[in-house]
Amino acid sequence: MSGDAHRLGVAEIDRALARGEFSSAELTQHLLTRVAAHEQLGAFLAVDADAALAAARDADARRARGDATPLTGVPIAHKDIFVTRGLPTTAGSKMLAGYRSPFDATVVARLAAAGAVTLGKLNCDEFAMGSANENSAYGPVRNPWDPARVPGGSSGGSAAAVAARLLPAATGTDTGGSIRQPASFCGVTGIKPTYGVCSRYGMIAFASSLDQAGPLARSAEDCALLLSAMSGFDERDSTSAQRPPQDYHAQMLAPRDGATPAKPLAGLRIGLPREFFPAALAADVATAVRAALAEFEKLGATLVDVSLPRTELSIPVYYIIAPAEASSNLSRFDGVRYGHRAARYDDLLDMYKKTRAEGFGPEVKRRIMIGTYVLSHGYYDAYYLQAQKLRRMIADDFRQCFAQCDVIAGPVAPTVAWKLGEGSDDPVKAYLADIFTLPASLAGLPGMSVPAGFGAGGMPVGLQLIGNHFAEGTLLHAAHAFQQATDFHTREPQGVAA
Ligand code: GLN
């Protein structure tokens with residue numbers, strides 16, 4: 001096997017395995033060596049080399065039998081928020097140190113059934129709360145493009161591992177931007193599907209009405225291959241969308257009516273909400289996003305001005321609803337049923353208090369405090385109920401936009417990745433930086449981050465594409481056409497990927 005097989009994406013690995021250029025066992029060993037050599041990135045929380053190699057040999061046997069899927073033998077890893085039977089699951093929290101689940105999350109089970117080989121579990125912000133991966137109890141993750149900078153969060157380990165070419169693809173979850181924003185900061189492609197497309201069964205709950213799983217990979221094509229395997233109705237998730245299985249790869253390739261080879265996006269109307277291009281948007285991000293949009297025009301798309309007037313309000317709305325749901329979801333960590341229990345305590349109440357004081361980190365505690373406050377008698381009407389009303393209005397604003405356009409585009413984040421330690425002193429500053437990802441989350445809409453250029457310090461900039469409900473195929477098609485015409489998604493961080 002050539003020594004740079006780690007540079008291949010999912011579709012390329014599928015072709016190489018089909019041609020017998022190397023085996024999954026060889027590729028898996030090569031990547032395990034790279035994972036060990038790049039420990040300083042902090043991307044992995046657990047690796048099981050023996051299990052990975054055994055799964056790779058099974059995949060090679062399955063390929064030889066001729067019943068492979070495109071993912072059979074492709075190495076991946078999971079954000080440590082998905083429960084796994086074979087590997088520990090921590091959700092980035094001391095609360096779950098040493099926890100082993102008796103079952104696999106549906107997303108994990110489906111990818112394994114397709115033949116994907118799991119190398120391990122990836123670092124993330126504690127209970128997926130954060131935008132920089134600095135809230136993990138197991139240390140920060142470093143950005144492969146500049147180790148002094150954050151990879152974004154909360155799926156920071158997933159984005160960093162894919163960017164550093166430790167893996168062709170990884171799973172992530174997105175409650176308010178946690179797939180799109182780290183994908184943008186690390187120069188990889190990520191998609192958060194419509195709420196309900198991927199099962200939440202076995203995904204440790206943060207904010208249940210917002211949480212969605214999705215893939216991070218090098219390209220839209222690779223994301224389409226993963227999403228097809230990960231998604232689909234699951235009777236064990238009561239909010240799972242009842243739809244037939246989707247072939248996102250075929251949807252991505254299906255030509256548009258009126259398209260030509262030179263203008264594959266002919267007729268596609270891309271809406272630019274004026275609120276996504278405020279004066280405060282960093283100039284380097286604005287320049288890269290505008291240049292990417294000009295490329296979309298060359299491919300035949302037309303740009304139309306639209307408005308999402310409640311964009312700014314999505315921040316207080318999200319930071320009321322998400323903590324409210326989190327405070328309820330995290331009540332299960334009581335020292336009785338899961339994970340950590342204080343060693344010394346006086347009585348039951350004291351056991352609860354000490355267990356939770358020791359097990360949760362500061363950001364998680366802050367969210368529980370906010371959540372219980374906004375849900376408490378006397379404040380519910382003033383905060384939680386108002387936030388729910390505004391959430392509906394934000395969804396209505398999108399509905400009006402989609403009467404004028406097929407896809408909405410803008411930046412993923414107001415800046416490129418910041419330096420480690422820069423955001424950790426001021427939580428509100430970090431919350432404000434979520435402004436462009438929160439609206440689609442609140443409306444349950446699919447969103448993508450597509451590498452679109454580079455900004456200050458040579459750091460990657462992502463373009464966000466937002467689609468109507470269940471329009472993942474449209475997003476992937478547009479992103480694929482862009483990636484056929486540009487090479488931002490193939491650029492590698494220097495020094496790490498070689
Ligand atoms: N940054 C947001 C938060 O801290 C989003 C996190 C997420 O999507 N999981 O809540």
Side-chain angles (χ1 to χ4, degrees), residues 78-82 91-93 107 122-136 140-141 150-159 170-186 190-193 195 198 200 203-216 314-327 329-330 360-371 374 387 391 412-415 417-418 423-424 426-449 462 464 466:
H78 297 292
K79 182 178 184 179
D80 204 19
I81 200 102
F82 294 95
S93 182
V107 161
L122 296 160
N123 204 346
C124 59
D125 280 308
E126 187 173 3
F127 291 103
M129 298 175 189
S131 323
N133 221 111
E134 289 181 294
N135 296 338
S136 167
V141 178
V150 302
S154 62
S155 311
S158 308
T171 57
T173 62
D174 190 313
T175 302
S178 281
I179 290 173
R180 290 163 283 162
Q181 187 255 22
S184 174
F185 278 15
C186 290
I191 182 165
K192 175 202 95 79
Y195 182 78
C198 286
R200 289 183 298 109
M203 231 169 82
I204 294 176
F206 163 14
S208 307
S209 76
L210 295 155
D211 296 343
Q212 256 302 289
L216 294 96
S314 67
I315 300 169
V317 168
Y318 173 88
Y319 279 99
I320 288 169
I321 292 174
E325 294 185 20
S327 70
N329 275 323
L330 270 53
F360 290 137
E363 182 61 25
V364 174
K365 286 177 185 160
R366 184 177 296 123
R367 306 261 180 134
I368 292 173
M369 298 285 284
I370 297 170
V374 299
R391 182 177 187 176
V412 175
T415 63
W418 54 86
S424 44
D426 184 356
V428 174
K429 200 172 134 203
Y431 299 170
L432 294 177
D434 289 340
I435 181 163
F436 303 130
T437 50
L438 300 178
S441 295
L442 290 165
L445 296 167
M448 255 190 110
S449 178
Q464 183 174 204
I466 299 171

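Each ligand, and each atom within it, is numbered from 1 in the order the structure gives.
Residue-to-ligand polar distances keep Phe206 apart from ligand 1: every N/O pair is separated by 3.5 Å or more. For the pair Gly176 and ligand 1, the shortest N or O to N or O distance falls below 3.5 Å. Every N/O-N/O distance between Lys79 and ligand 1 stays at or above 3.5 Å.
For atom 4 (O) of ligand 1, the closest non-hydrogen atom of the protein is Arg367 NH2, 2.7 Å. For atom 3 (C) of ligand 1, the closest non-hydrogen atom of the protein is Tyr319 OH, 3.2 Å. Protein heavy atom in closest approach to atom 10 (O) of ligand 1: Tyr318 OH, 2.7 Å. Among all non-hydrogen protein atoms, the one lying nearest atom 6 (C) of ligand 1 is Ser178 OG, 2.9 Å.
Proximity of a side-chain donor or acceptor of Arg180 to a complementary backbone N or O of Thr437 within less than 3.5 Å is detected. Checked by atom type and distance alone, the side chain of Asp125 pairs as donor or acceptor with a backbone atom of Asn135 at under 3.5 Å. Without hydrogens or angle criteria, Asp174 side chain to Asp211 main chain gives no donor-acceptor distance under 3.5 Å. At distances below 3.5 Å, at least one donor-acceptor pair connects side-chain atoms of Gln181 with backbone N or O atoms of Ser131. Formation of a donor-acceptor pair under 3.5 Å by the Ser155 side chain with backbone atoms of Ser178 is found in this model.
Side-chain contact check for Thr173 and Lys79: at least one donor-acceptor pair (N or O, by modelled atom type) lies under 3.5 Å. The closest side-chain donor-acceptor pair between Ser441 and Lys192, if any, does not fall under 3.5 angstrom.
Remark: ligand 1 atoms within the under-4.0 Å shell around heavy atoms of Ser131 are 1 (N). For ligand 1, the atoms lying closer than 4.0 Å to a non-hydrogen atom of Gly130 are 1 (N), 2 (C), 3 (C), 4 (O), 6 (C). Listed by atom number, the atoms of ligand 1 under 4.0 Å from Ser154 heavy atoms are 9 (N).
For atom 1 (N) of ligand 1, the choice among Asp125, Asp434, Asp174, Asp211 with the nearest heavy atom turns out to be Asp434.
A perpendicular orientation is assigned to the rings of Trp418 and Phe185, their planes being inclined by more than 60° (bins at 30° and 60°).
Looking at Ala128 against ligand 1, both its backbone and its side chain come within 4.0 Å, counting heavy atoms.
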Exercise for the section: May I have the step-by-step check of side chain to side chain contact (heavy atoms under 4.5 Å, CB included) for Ile191 and Ile179, ending in yes or no? Expected result: CA-CA 7 Å; Ile191 182 165; Ile179 290 173; 5.9 Å; no
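Put simply, part of Gly177 is less than 4.0 Å from ligand 1, judged by heavy atoms.
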